[in-house]
Number of protein chains: 2
Amino acid sequence: MGSDRLTVREIARLAGVSVATVSRVSNGVGQVSEETRRRVQRAIEEHGYRPDHLGRALAAGRHGAVGLVFPGLSGPYFSELIQGFEAEAVHTRTSVHILCTHLRDDSDAQVVEMARRVDGLAVFGGTVSPDTLRELAALVPVVVLAGEGPPGVPSVRAENVAAATALTRHLLADHGLRGLVFVGDPRNSPDVTGRWEGFRAAHRQIGLPLPRAPLRVGLEQHDGVFAADQLLSRAAPPRGVVCANDETALGMLVGAAARGVRVPADLVVTGFDDIPMAALVSPALTTVRQPVRELAGRTARLLLRAAAGETGGSDAALVLPTDLVVRRSCGCPAATGAGPATAPSPATKAGFTTEADRTGHRPATAHGPTDKHTTTEHDPTAAGRRPAAGDRTVR
Amino acid sequence: MGSDRLTVREIARLAGVSVATVSRVSNGVGQVSEETRRRVQRAIEEHGYRPDHLGRALAAGRHGAVGLVFPGLSGPYFSELIQGFEAEAVHTRTSVHILCTHLRDDSDAQVVEMARRVDGLAVFGGTVSPDTLRELAALVPVVVLAGEGPPGVPSVRAENVAAATALTRHLLADHGLRGLVFVGDPRNSPDVTGRWEGFRAAHRQIGLPLPRAPLRVGLEQHDGVFAADQLLSRAAPPRGVVCANDETALGMLVGAAARGVRVPADLVVTGFDDIPMAALVSPALTTVRQPVRELAGRTARLLLRAAAGETGGSDAALVLPTDLVVRRSCGCPAATGAGPATAPSPATKAGFTTEADRTGHRPATAHGPTDKHTTTEHDPTAAGRRPAAGDRTVR
DNA sequence: CCGGTTTCTGAAACCGGTTACCGAGCGGCG
DNA sequence: CGCCGCTCGGTAACCGGTTTCAGAAACCGG
């Protein structure tokens with residue numbers, strides 16, 4: 001009558017076998033005669049037995065979970081990233097623990113705490129200190145997402161510097177703009193740092209004096225509105241702004257519209273990321289397309305492999321290619337399928353993307369500037385994003 | 001020389017005590033002499049020992065984790081919700097597992113699987129079938145977030161029906177609009193269902209024929225742009241739209257602007273949620289404010305208490321009050337602090353919110369229509385959202 | 001000096017699984 | 001008929017903690 005909670009031993013008693021046999025049947029390993037298997041199977045189903053995750057995890061020495069650390073959820077970029085990551089993880093029956101460090105000062109300790117509950121950790125670039133990152137890497141496999149880790153820690157990110165350079169050169173050289181302002185805080189994240197670097201590099205390459213300090217604002221849409229208020233109330237408002245991401249740029253558009261400032265006639269605005277709205281606003285946003293879903297997928301797969309104990313984990317930094325997407329907000333005419341009014345920046349390879357179907361593959365061309373740690377690959381399984389008709393993409 | 005991995009037994013050996021003593025010291029429970037405590041403490045610190053989470057969890061019969069199930073991450077609403085939930089959980093050293101069910105057909109099985117790895121589950125309304133919900137509730141404590149659960153399962157949601165009714169009545173009665181279109185899919189989530197219900201109720205109350213079927217689109221900004229394309233290309237475009245959320249409404253604004261349709265002169269647009277951008281666009285969006293952060297916090301606290309084994313869990317449905325926020329997109333003049341041009345809908349209590357400070361408390365007035373399961377409370381610890389200057393809020 | 005507390009510590013059971021190892025039973029073959 | 005090898009299934013150790021229980025030592029009042 002010791003029919004307490006449902007455990008292996010209980011099921012074993014009910015089926016008249018040993019715990020080893022129950023475990024063998026429930027896991028489908030080892031040799032069990034057909035007759036015994038059936039008997040055990042029946043006992044399992046009859047009582048709705050499901051092995052306890054903790055016991056199993058303890059025995060296996062594996063949590064069956066990975067962690068995802070990010071600063072906070074702002075905008076489609078993070079949403080997409082998290083969803084992509086989660087989708088990949090759930091695919092391998094691994095659960096995902098999240099940790100938002102945003103605005104928390106004791107976050108490093110919490111990340112370390114989390115590291116003890118998972119088999120691997122994906123850390124968004126810039127969310128934890130390098131020291132802590134090393135400490136984590138000593139505990140569990142770690143992959144840095146959208147940033148670079150210390151030596152030995154693999155990372156996955158999108159190319160930012162060259163893309164930002166090309167974008168800025170397009171404004172400086174092709175449109176002849178001067179006095180551009182960068183909107184975003186480079187200290188915010190490695191992504192923004194890279195974009196700011198590219199912004200400066202373009203000025204250097206063209207032979208212009210280095211730009212002024214960036215307008216340090218957050219990455220959300222209302223931050224862009226705020227930035228517009230700041231910039232457009234100046235005595236001499238800038239003729240163009242390079243925003244750290246699309247949200248900010250969209251906010252800038254809204255702020256400009258509220259003041260009657262016309263884009264691109266009075267003010268040129270560019271974004272970064274190519275979120276769905278970027279193609280839908282008017283004027284459509286000139287921006288840089290980032291393969292967010294693939295970024296997330298790659299990170300997840302890399303991490304899951306490492307978490308599963310596969311030692312063949314590359315410690316390389318994976319850099320995914322990005323595309324400059326030229327639309328109207330930079331002052332270019334609406335694309336009609338004909339060539340651009342001005343030649344694209346010489347540092348980039350120009351090309352047109354025609355309407356591609358949902359599963360269309362993007363060609364696996366290696367991106368230009370790569371350092372020795374940099375690999376550029378293409379994953380044919382990742383679904384490409386459908387470019388809006390009429391987009392002109394420059395790589 | 002058996003200095004293998006760091007376990008209690010290993011530390012016990014090193015400190016020359018028993019495992020029980022190590023456990024006592026590391027947990028700070030029981031009686032341990034000062035001298036022994038120091039010796040054990042030293043061994044722990046010297047080797048950087050931290051008890052394994054799995055072993056501890058197995059012994060305690062508690063995972064130290066809760067799950068959060070939601071359809072997908074779209075827009076600030078979900079972001080805010082998740083961040084609020086996570087913040088509350090991390091506060092009690094509980095980790096958060098996430099599961100996006102979006103577009104996955106086998107999600108019910110995955111939710112059940114997740115239930116075996118956590119001490120409690122917060123399930124977003126409409127993401128799992130009622131049957132599965134009951135199954136889950138038998139396994140672990142469950143709280144339904146933004147929706148209603150089966151009897152015995154507590155839930156937390158914001159008031160939708162009355163708010164949507166008031167909003168729609170405002171358009172119908174105060175602005176005299178007819179032929180309104182509801183933009184959003186009521187099957188999408190309980191929230192949208194409630195808003196659609198309120199939309200219909202307002203027509204009924206005014207004595208108008210029931211409105212046509214809603215324009216079924218998603219909840220993201222680009223869905224709103226799509227909806228604008230659909231509606232504005234009709235032979236007789238509607239004079240007003242009630243959008244299921246602010247994102248859609250913002251997209252509608254963008255789509256209207258692209259076609260030269262003026263809001264509110266040619267088209268009246270309203271939203272729902274009062275996300276930060278709603279007050280910043282022009283015209284500023286008339287919408288309904290929802291206490292998202294509090295929604296998340298309440299849910300989390302309710303769940304965490306239940307997960308900790310406290311039996312005093314109320315199985316009530318908690319309904320948080322919402323505010324109608326009248327701005328310009330409905331056709332009302334810019335608020336100047338003076339009275340409204342037209343009287344607010346008689347079903348609602350009108351009032352002005354002046355600039356409140358960040359920690360300002362909202363008065364704990366009970367909301368009108370409450371059923372027997374409904375409680376309306378006010379949590380003084382939840383930070384209020386700062387209303388934009390000039391907003392007119394109606395409750 | 002002695003019985004009774006109180007304080008401290010350790011051995012061992014337990015949480016719920018997995019699995020190494022071993023022995024029993026059986027069929028086939030020399 | 002005896003031996004070998006294979007299949008099947010059970011015993012017990014183990015994963016890494018917590019906790020019960022009992023015993024030893026110290027302490028106290030009478």
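Values below: every heavy atom of this structure, side chains too, minus hydrogens, waters and symmetry copies. The model shown is predicted, which means the values in this text are computed figures rather than measured ones. To find a chain, count down the sequence lines: A is the first, B the second, and so on, and within it residues start at 1.
Rounded to the nearest 0.5 Å, atoms CZ (A:Arg301) and CG (A:Leu304) are 9.5 Å apart. With rounding to the nearest 0.5 Å, the separation of CE in A:Met114 from CZ in B:Arg93 is 13.0 Å. Atoms CG and CZ, from A:Leu318 and A:Arg298 in turn, are 5.0 Å apart once rounded to the nearest 0.5 Å. To the nearest 0.5 angstrom, A:His91 atom NE2 is 12.0 Å from A:Glu86 atom CD.
The stretch residues 17-30 of chain A touches DNA chain C through A:Ala20, A:Ser23, A:Asn27, each having a heavy atom under 4.0 angstrom from the strand. Shown for residues 36-54 of chain A: residues whose heavy atoms fall under 4.0 angstrom of DNA chain C, namely A:Tyr49, A:Pro51, A:Asp52.
Listed by chain and residue number, B:Arg134 satisfy the salt bridge (charged side-chain N to carboxylate O under 4.0 Å, His left out) test with B:Asp131 (two or more places apart in sequence, or in another chain). Scanning for salt bridge (charged side-chain N to carboxylate O under 4.0 Å, His left out) contacts around A:Arg56 gives an empty result, with sequence neighbours left out.
Put simply, the side chain of A:Gln41 reaches to within 4.5 Å of the side chain of A:Glu45, judged on heavy atoms.
Here the closest non-hydrogen pair linking A:Asp191 and A:Tyr77 is OD2-OH, 3.2 Å. Pairing each heavy atom of B:Phe85 with each of B:Ala296, the nearest pair is N-CB, 3.6 Å. Nearest heavy atom pair, residue A:Ala65 against residue A:Thr94, reads CA-CG2, 3.5 Å.
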Are B:Leu121 and B:Val66 close enough, and set up right, to give a side-chain contact (heavy atoms from CB on, under 4.5 Å), and what steps lead you there? CA-CA 6 Å; B:Leu121 220 45; B:Val66 291; over 6 Å; no
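Without hydrogens or angle criteria, A:Gln83 side chain to B:Leu73 main chain gives a donor-acceptor distance under 3.5 Å.
Atom CZ in B:Arg13 sits about 17 Å away from atom C1' in C:dG10, given to the nearest Å. In this structure, the CZ atom of A:Arg9 is 7 Å from the C1' atom of C:dG17, given to the nearest Å.
If you find the closest nucleotide of DNA chain C to B:Gln31 and to B:Ala59, the one lying nearer the 5' end belongs to B:Gln31.
In summary, A:Glu35 and A:Arg38 do not engage in a salt bridge, as defined by a charged side-chain N under 4.0 Å from a carboxylate O.
You can see that DNA chain D meets the heavy atoms of chain B within a 4.0 Å-exclusive cut from D:dG16 to D:dT19, reading 5' to 3'.
Within the 4.0 angstrom heavy-atom criterion, base atoms lie near A:Val8.
Pairs of Watson-Crick or G-U wobble type, with distances under 3.5 Å, assemble into runs of 3 or more in DNA chain D at these ranges: C:1-30 with D:1-30.
Phosphate proximity of C:dT18 to A:Arg56: present, with a side-chain N or O under 4.0 Å from OP1 or OP2.
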